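So the structure is just underneath, and the comments pick up after that.
In what follows, chains are A, B, ... by sequence order, proteins preceding strands, each numbered from 1. Since the model is a prediction, treat every value here as computed from it, not as a measurement.
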Amino acid sequence: MAKIIVVTSGKGGVGKTTTSASISTGLARRGFKTVVIDFDVGLRNLDLIMNCERRVVYDFVNVIQGEASLNQALIKDKRVETLYILPASQTREKEALTQEGVERVLNELAETFDYIVCDSPAGIEHGAQMALYYADEAIVVTNPEVSSVRDSDRILGILQSKSRRSEMGLDPVKEHLLLTRYNPDRVDRGEMLSVGDVEEILAIPLLGVIPESQIVLNASNQGMPVILENDSDAGQAYEDAVGRLLGEEREHRFLTAAKKGFFSRMFKG
Amino acid sequence: MPEADATQTSQCFQLKGANVSLTALELHFFEEDAFEETLRDKIRQAPGFFRDIPLVVSLEKYEGPTAELDFFKLIGICRRHNIHVVAVRGGDEDQRRLARNAALALLPATAQREPRAPEPAEEAVEEAAPTTPDPAPTAAGPAPAAARLITQPVRSGQQVYAPEGDLIILAPVQAGAEVLAAGNIHVYGPLRGRALAGVHGLSEARVFCQSLEAELVSIAGHYKISEDLQEQGWKQAVQLQLKDDLLVVTPLDK
């Protein structure tokens, strides 16, 4: 039985799509058959980050409306064997995502996949609600700043009250906190909330902390999931997060400011 | 706000938020004689209760024809029995126009209130056993009944309401969340959102919390906003109560 994971946040620009790309790639790299779905109809980005934008023929909405089969719309990743991408439509509205349609597509995917990762659009409207409705687990992506934390709190409330699991009275959606764009230097200077602050406010288990890094931006621009940058701190932090998602015990890294020498400061950002 | 009382005596009046408990008369159809007879019957059962009370006529369950809805007659009958019709609730456009012609205030239908407020995880909410039966309702209104117990965090955008008794929350109330109770509110965790106790006007109601970080606290309509709460007991375990219409914060360890 496939596990459905939604990557959500409420607030925009916090790193949902970056996270969806890396988590799905990390799961697939471990041999799980994984599909990542772009729910951000109208603003499709996931295919850019996954570097498959030139291979999009049919999309999620086409499948929902019966204009294409799943096999026609699924794009096979070129780097990781067991990874597939279901892109969003650029030309439709979010209302094209009907609850019945989404359910049908997810059920069909669940027959063959181990993990279904849903990349939610920002906001708390229809698109975001469709992305989280069928979730078994939720990765709540949060930046260490007050407004992002507030929006994450809002989306946690929606997960508790408007997901299928809550409506059917099943076990609640399993919640994970993923803190992105974390900059220990700025935390030390009091310019950012600390991991402890965010954990205390949101009161859900911490899945990982992704350090702020130029690597993330570069990787996005090159259409490369950050997790594949094995030598980078951000890539390793995502790999740790995937491990924890699968139940492994891993110590949190990159939480404190690195003591950089003069040369490393000059030559490495 | 309550504090302004002492300083601004030159103003002719002051507007205050108030929550008043009203009796609603749910009208199914209107026929003069049947109406008066039923009313007389009800009054006979509890003569003290009906004397000079304000009454809201609820049209949400009205099934009779609009043309028969004669508010002037209805008001007249009520007045003969010392009942003051003040407003209608619900009803369609025509019915509300008739009510307005009879100088009644228009209240929204109850179903339209907070249509999108998500009900926080209902399955997690257990109804506590009712308190010991009270001998009789006091003049201040019906005595608070069962308490409502919440065990999960009340998240931003969620609203939890205990319409009859106390509200007990064993988790944080987050910024952007709202908790309301007819009686007291207890928060065994930080109170970061809004807490409104005694919403039906019970001025003895209190708010207790382990850490006061609230956006707003209100008791029986008297409120303080976050800015005014900073001065005392901020981020401490406190209780809030009304003393001479003034919201007073006291640390719980003293």
Requested in this report: Under 4.5 Å heavy-atom distance to chain B, tell me which part of A:Leu159 shows up: side chain, backbone, both or neither.
Outcome: neither
Query raised in the report: Between A:Ile155 and chain B, which part of the residue has a heavy atom less than 4.5 Å away: side chain, backbone, both or neither?
Result: neither
Requested in this report: Please identify each residue that fulfils side chain to side chain donor-acceptor pair (under 3.5 Å) with A:Ser152, with sequence neighbours left out.
Outcome: A:Thr142
Requested in this report: May I ask you to check whether over 12 heavy atoms, not counting those of A:Gln65, lie within 6.0 Å of atom CD?
Outcome: yes
Query - Among B:Pro172, B:Pro153, B:Ser156, the one residue meeting side-chain contact (heavy atoms from CB on, under 4.5 Å) with A:Asp153 - result: B:Ser156
Query raised in the report: Given side chains that start at C-beta, do those of A:Gln160 and B:Arg155 come closer than 4.5 Å, heavy atoms only?
Result: yes
Query raised in the report: Do other residues, nucleotides or ligands put more than 12 heavy atoms under 6.0 Å from the CZ atom of A:Arg253?
Result: yes
Requested in this report: Determine whether more than 12 heavy atoms belonging to other residues, nucleotides or ligands lie under 6.0 Å from atom CD of B:Glu93.
Outcome: no
